[in-house]
Amino acid sequence: MSKRSWSLGSCSVRPAKRPSQRQQKHLYVLLDDWERGYSIYRVGEDDFSTDSDDYLDRTPLARMEAQHPVSMSFATHGTKILAVRPSEGSPAISGFDTKTMGVTVCPLPQSHRSILRPFYASVGDMLFVMVYPLFEVLGSQPPPDSKQPWSWYTINTELPFEPDYVTGYALHPDGYTLFVSVKGWKPGNDSRFLDDLQQSTYSFDTESLKFRYHGEWMLPFKGQAHYDSELEAWIGLCKDGTGYVCSCDVPSRANCDTMPAWKVGKDKVFDHKSMRHRGATLLYMGCSTYCLVQCCAQKHDEWFAYPRHRVMKMCTFRLKYDKNGELRITGHRGRASMAYKVARDRVAPTLDPTAFCI
């Protein structure tokens, strides 16, 4: 198969002191192709091609037991992938460290028994989990020779919204302020069944552990957006689900009561009208380079809403503003794909791929 070299990027949002300190990022894709959980596959830059649609033939890097078939079963924290929704009856959360290739274990948070959808956010050396009304944080992992346990702590800060209503979020370039948009929720609401048109945005300071309400507007993203230091904007998939990326100016943490300026990209990254399309996730690789991971039905299963035979398509591309200020895809696109069969025939709340750039 003819391939053209395509770098996944080694830049970081935070500038390195010396080039030698920059670490190469890798793409990790989790597939529910195992009866007891998920398989972890690592995709490298040599796996991407500009002129071939052949499926990758891969052996799992590792496997983790976790509940089928929910993407919220996993979260990343530093270089670790954590099975935050382990199998029923599991006494702890298992983890896989992509740096050491080692297996780790941490305790379950108090909220693990809740049936509500959790919201996870890894900021610095802390992993936050919000499951209404609980708010917990996992601190730094103790050193190997420590006698102190790795523990979750309850934060005595009232959640101003139900995490199940979160539509989009992004970390401020200051590195400690998280912006979160919520649909169908507003401050002081006593009912959990508001008008679906209600829109609100909050920020959470992970140092002071305080929330701030920013008004009745929403970030234009679906899911996580990423700060691009070269474009000086947040970048993410448009919340309307039509297959475009969009950029949004980063608001002030103190004075931001109206929606910042934003724009939709001119180029589609996936065809949302395709009968095979089921979900998509956008990852930031660094240096204005992105990877779209798309879940598609295989041709003979395209008539099923939740097909068991699927294809995970991956596409890398770069973004820039053209001379007219439009957000455009630039350069050649690198592509890779993996075909697999879902281990269990279950209905999933979302088919957006579970993938991470670490």
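Residues: numbered from 1 along the sequence shown.
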**Message:** Under the criterion side-chain hydrogen bond (donor to acceptor under 3.5 Å, both in side chains), I'd like the reasoning laid out for T201 against S181: C-alpha separation, chi angles, the key distance, then a yes or no.
**Reply:** CA-CA 4 Å; T201 292; S181 286; 2.8 Å; yes
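- Listed by chain and residue number, nothing satisfies the side chain to side chain donor-acceptor pair (under 3.5 Å) test with H226 (two or more places apart in sequence, or in another chain).
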- Determine, stepwise, if the pair L219 / W262 fulfils side-chain contact (heavy atoms from CB on, under 4.5 Å). CA-CA 9 Å; L219 294 170; W262 67 286; over 6 Å; no
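- Side-chain atoms of Q298 do not come within 3.5 Å of backbone N or O of A339 as any donor-acceptor pair.
- Side-chain contact check for E158 versus F135: every heavy-atom pair is 4.5 Å or farther apart.
- Contacts classified as side-chain hydrogen bond (donor to acceptor under 3.5 Å, both in side chains) and involving residues 143-154 (residues at least two apart or in different chains) are not found.
- M218 and Y165 are members of different hydrophobic clusters when ILVMFWY side chains are connected at heavy-atom separations under 4.5 Å.
- With a 4.5 Å cut-off on side-chain heavy atoms, L319 and I329 count as touching.
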- H272 and T242: CA distance, side-chain angles, deciding distance, side-chain hydrogen bond (donor to acceptor under 3.5 Å, both in side chains) verdict: CA-CA 6 Å; H272 72 292; T242 54; 5.5 Å; no
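- If you chain together hydrophobic residues whose side chains sit under 4.5 Å apart, L116 and L108 fall into the same group.
- In this structure, R310 CZ and S337 OG are separated by 16.0 Å, a value rounded to the nearest 0.5 Å.
- Here the side chain of R276 pairs a donor or acceptor atom with the backbone of A297 at under 3.5 angstrom.
- Counting heavy atoms from C-beta outward, K25 and Y28 have side chains that stay 4.5 Å or more apart.
- In this structure, the side chain of R278 engages the main chain of E302 through a donor-acceptor pair within 3.5 Å.
- Without hydrogens or angle criteria, H172 side chain to P251 main chain gives a donor-acceptor distance under 3.5 Å.
- Residues meeting the ring-ring contact (aromatic ring centres under 6.0 Å, His included) test with H112, sequence neighbours left out: none.
- A 6.0 Å sphere centred on CG of N324 holds more than 12 heavy atoms belonging to other residues, nucleotides or ligands.
- Between the CE atom of M130 and the CD atom of E162 there is a distance of 11.5 Å, given to the nearest 0.5 Å.
- Partners of S203 by side chain to side chain donor-acceptor pair (under 3.5 Å), not counting sequence neighbours, listed by chain and number: H214.
- Two residues are said to be in side-chain contact when any heavy atoms from C-beta on lie closer than 4.5 Å; Y290 and V245 fail this criterion.
- Residues V342 and L56 share a single hydrophobic cluster, defined by chaining ILVMFWY side chains whose heavy atoms lie under 4.5 Å apart.
- L61 is listed as a side-chain neighbour of M101, based on a closest heavy-atom distance under 4.5 Å.
- Using a distance-only test at 3.5 Å, with no hydrogens or angles considered, a donor-acceptor pair links the side chain of Y284 to the main chain of C287.
- In terms of heavy atoms, A355 sits closest to L283 at O-CD2, 3.5 Å.
- Taking the side chain as every heavy atom from C-beta outward, V264 and C238 approach each other to under 4.5 Å.
- By the 6.0 Å contact criterion, NZ on K266 is open, its count of non-hydrogen atoms from other residues, nucleotides or ligands being 12 or less.
- Screening residues 235-262 for salt bridge (Lys or Arg N to Asp or Glu O under 4.0 Å) gives D174-R253 as the qualifying pairs, with residues at least two apart or on separate chains.
- Taken from OG1 in T281 to CG in L237, the straight-line distance is 7.5 Å, to the nearest 0.5 Å.
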- Query: Is there a side-chain contact (heavy atoms from CB on, under 4.5 Å) between Y120 and T76 once you walk through the steps?
  - Reply: CA-CA 9 Å; Y120 291 93; T76 57; over 6 Å; no
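- In this structure D345 satisfies the side chain to side chain contact (heavy atoms under 4.5 Å, CB included) test together with R308, sequence neighbours excluded.
- Under the 4.5 Å side-chain heavy-atom criterion for ILVMFWY residues, no single connected hydrophobic cluster contains both V293 and V311.
- Of the listed residues (Y176, F211, F179), just one forms a ring pair (Phe, Tyr, Trp, His ring centres under 6.0 Å) with F204, and that residue is F211.
- Summarising the local packing, CD of E35 is surrounded by more than 12 heavy atoms from other residues, nucleotides or ligands at distances under 6.0 Å.
- The local environment of CZ in F304 is sparse, with at most 12 non-hydrogen atoms from other residues, nucleotides or ligands closer than 6.0 Å.
- Taking both residues in full, the closest heavy atoms of L327 and C246 are given as CD2-C, 4.1 Å, listed atom of the first, atom of the second, then distance.
- Rounding to the nearest 0.5 Å places CE of M338 at 5.0 Å from CG of L31.
- Within the 4.5 Å cutoff, no side-chain heavy atoms of F161 are placed close to those of S200.
- Residue E326 places its CD atom among more than 12 non-hydrogen atoms of other residues, nucleotides or ligands, all under 6.0 Å distant.
- K263 and Y321 make their closest contact through CD-CE2, 4.0 Å (heavy atoms, listed as atom of the first residue, atom of the second, distance).
- L134 and V129 are members of different hydrophobic clusters when ILVMFWY side chains are connected at heavy-atom separations under 4.5 Å.
- Under the 4.0 Å criterion applied to side-chain N and carboxylate O atoms, K222 and D352 are assigned as salt-bridge partners.
- Of all non-hydrogen atoms in I358 and G78, the two that sit nearest each other are CG2-O, 3.9 Å.
- Without hydrogens or angle criteria, T157 side chain to L209 main chain gives a donor-acceptor distance under 3.5 Å.
- L127 CG to K80 NZ: the interatomic distance, rounded to the nearest 0.5 Å, is 11.5 Å.
- Looking at residues two or more places apart in sequence or on another chain, you find a side chain to side chain donor-acceptor pair (under 3.5 Å) between D267 and R328.
- Nearest heavy atom pair, residue F48 against residue C291, reads CZ-SG, 4.4 Å.
- Partners of S39 under the side chain to side chain donor-acceptor pair (under 3.5 Å) rule, at least two apart in sequence or in another chain, are D33, R63.
- Residues satisfying the side chain to side chain contact (heavy atoms under 4.5 Å, CB included) criterion with R36, sequence neighbours excluded, are W34, E65.
- Of the inter-residue distances, the one linking Q199 atom CD with W217 atom CH2 reads 11.0 Å to the nearest 0.5 angstrom.
- In plain terms, the two heavy atoms of Q141 and T104 that are nearest each other are NE2-OG1, 3.3 Å.
- No side-chain heavy atom of S247 sits under 4.5 Å from any side-chain heavy atom of L231.
- Residue pairs satisfying the salt bridge (Lys or Arg N to Asp or Glu O under 4.0 Å) criterion with at least one member in residues 117-128, sequence neighbours excluded, are listed as follows: R117-D164.
- Listed by chain and number, the residues in a side chain to side chain contact (heavy atoms under 4.5 Å, CB included) with A66 are Y38, S73, F74, A83 (sequence neighbours excluded).
- Under the ring-ring contact (aromatic ring centres under 6.0 Å, His included) criterion, F119 pairs with Y169, not counting sequence neighbours.
- Of the possible donor and acceptor atoms, one in the side chain of W234 sits under 3.5 Å from a partner among the backbone N and O of L171.
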